[in-house]
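Accompanying notes for the structure given below.
These numbers come from the heavy atoms of this one structure, side chains and all, not from hydrogens, waters or symmetry mates.
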Amino acid sequence: MNICVFLSAADLDERYTAPAREFAGLLGKAGHTLVWGGSDTGLMKVVADGAQEAGGRLVGVSVDFLQHKARPDTDEMVVARDLAERKALLLAKSDAIVVMAGGIGTLDEATEILELKKHGKHAKPVVLLNTAGFYDGLKIQLRRMEDEGFLPVPLTDLVFFAEDGPTALAHLEESLGESLGAS
């Protein structure tokens, strides 16, 4: 399957890079394709390296103003005109979405993907990989939105919170009816 990963391009602490590397290795070993923002820096590079080293394919979607940071050795690289087109292409090229630690751009991607899913514009499984409790605050906020009537569908229909990479990948494979290791 094609797994889109939204995440930071910043250089981060080992508490974020080690779990990201582990997830990417599992993804590649299972024969899946990494679909990501195409950058060859920071956490994005860690995930691309891990997936590629484990035998996974790489499909990058960069954006014109970040093209100079794009990874050179991918199976496919597309350059979008702007961030909106980039998000649309990332979603179109993927079967499932994983949101890892990231900044405002990652939060924007995550909330747009959830909003589109809420409105039935896609039915792809979405996992928030809660590495080191990074998304604890967002989990609380989303639960409050659900409890107070701001979500027209159950939160569990929108997103799955995983505490580690193996749980995240197992959820995606189960959601898409795939057996472990199949692609």
For this session: Show the numbers, then the answer: is there a salt bridge (Lys or Arg N to Asp or Glu O under 4.0 Å) between Glu115 and Lys87?
Result: CA-CA 13 Å; Glu115 182 70 5; Lys87 287 185 287 189; over 6 Å; no
For this session: Check step by step if side-chain contact (heavy atoms from CB on, under 4.5 Å) holds for Lys93 and Val61.
Result: CA-CA 9 Å; Lys93 292 181 172 291; Val61 181; 4.1 Å; yes
Problem set entry | Stepwise salt bridge (Lys or Arg N to Asp or Glu O under 4.0 Å) check, Arg71 with Asp49 | CA-CA 10 Å; Arg71 187 179 182 98; Asp49 287 348; 2.8 Å; yes
Exercise. Should Val98 and Ile3 be marked as a side-chain contact (heavy atoms from CB on, under 4.5 Å) after you check the CA-CA gap, both sets of side-chain angles, and the distance that decides it?
Worked result: CA-CA 7 Å; Val98 174; Ile3 301 174; 3.9 Å; yes
Problem set entry | Val99/Val127 under side-chain contact (heavy atoms from CB on, under 4.5 Å): CA gap, chis, key distance, verdict | CA-CA 6 Å; Val99 182; Val127 173; over 6 Å; no
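In the hydrophobic cluster analysis, where Ile, Leu, Val, Met, Phe, Trp and Tyr join through side-chain heavy atoms closer than 4.5 angstrom, Val79 is grouped apart from Val35. Under the 4.5 Å side-chain contact rule for hydrophobic residues, Val78 and Phe65 do not share a cluster. The hydrophobic cluster containing Phe150 also contains Leu107, counting ILVMFWY residues as joined when their side-chain heavy atoms lie under 4.5 angstrom apart, directly or transitively. Criterion: ILVMFWY side-chain heavy atoms under 4.5 Å apart, direct or through other members. Under it, Met77 and Val47 are not part of a common hydrophobic cluster. Hydrophobic clustering (ILVMFWY, side-chain heavy atoms < 4.5 Å, transitive): Leu83 and Ile97 are in distinct clusters.
To the nearest 0.5 Å, the span separating CZ on Arg81 from CG on Leu89 amounts to 8.5 Å. To the nearest 0.5 Å, the span separating CG on Asp157 from CG on Leu151 amounts to 10.5 Å. Taken to the nearest 0.5 Å, the SG atom of Cys4 stands 4.5 Å off from the CG atom of Leu90. Distance check: Ile140 CD1 to Asp147 CG gives 11.5 Å after rounding to the nearest 0.5 Å. To the nearest 0.5 Å, atom CG of residue Asp164 and atom CG of residue Leu129 are 7.5 Å apart. We find the CG-NZ distance between Leu155 and Lys118 to be 12.0 Å, quoted to the nearest 0.5 Å.
Closest of all the heavy-atom pairs between Leu172 and Pro125 is CD2-CB, 3.8 Å. Closest heavy-atom contact between Thr106 and Ser8: OG1-N, 3.8 Å. Considering every non-hydrogen atom in both Ala51 and Leu27, the closest pair reads CB-CD2, 4.1 Å. The minimum heavy-atom distance linking Ala96 with Met1 is given by the pair CB-SD, 4.3 Å.
In this structure a side-chain-to-backbone donor-acceptor pair under 3.5 Å is missing from Tyr135 to Phe161. With hydrogens and angles ignored, the 3.5 Å screen pairs a side-chain donor or acceptor of Asp75 with a backbone N or O of Leu58. Side-chain atoms of His122 come within 3.5 Å of backbone atoms of Ile113 as a donor-acceptor pair (strictly under, hydrogens ignored). Distance alone, capped at 3.5 Å, is enough to place a donor-acceptor pair between the Lys117 side chain and the Lys124 backbone. The backbone N or O of Asp108 sits nowhere less than 3.5 Å from a side-chain atom of Glu112 that would complete a donor-acceptor pair. At least one donor-acceptor pair closer than 3.5 Å links the side chain of Ser175 to the backbone N or O of His171. Checking side-chain atoms of His32 against main-chain N and O of Asn2 turns up no donor-acceptor pair under 3.5 Å. Arg57 places no side-chain N or O within donor-acceptor distance of the main-chain N or O of Leu34, the cut-off being under 3.5 Å. For Gln141 (side chain) and Asp136 (main-chain N/O), no donor-acceptor pair under 3.5 Å exists by modelled atom type.
The environment of NZ in Lys69 is sparse: at most 12 heavy-atom neighbours from other residues, nucleotides or ligands sit within 6.0 Å.
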Return a table of donor-acceptor pairs under 3.5 angstrom between the side chains of residues 9-25 and protein atoms on other chains or two or more places apart.
{"unit_1": "Asp13", "atom_1": "OD2", "unit_2": "Arg15", "atom_2": "N", "d": "2.9"}
{"unit_1": "Glu14", "atom_1": "OE1", "unit_2": "Thr17", "atom_2": "OG1", "d": "3.0"}

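Inter-residue side-chain proximity for Gln67 and Val63 is flagged as unmet; no heavy-atom pair is nearer than 4.5 Å. Residues Trp36 and Met44 meet the side-chain proximity criterion, which asks for heavy atoms closer than 4.5 Å. The shortest distance between side-chain heavy atoms of Lys45 and Ser39 does not fall below 4.5 Å.
The residue from Val159, Leu158, Leu116 that alone fulfils the side-chain contact (heavy atoms from CB on, under 4.5 Å) condition with Val126 is Val159.
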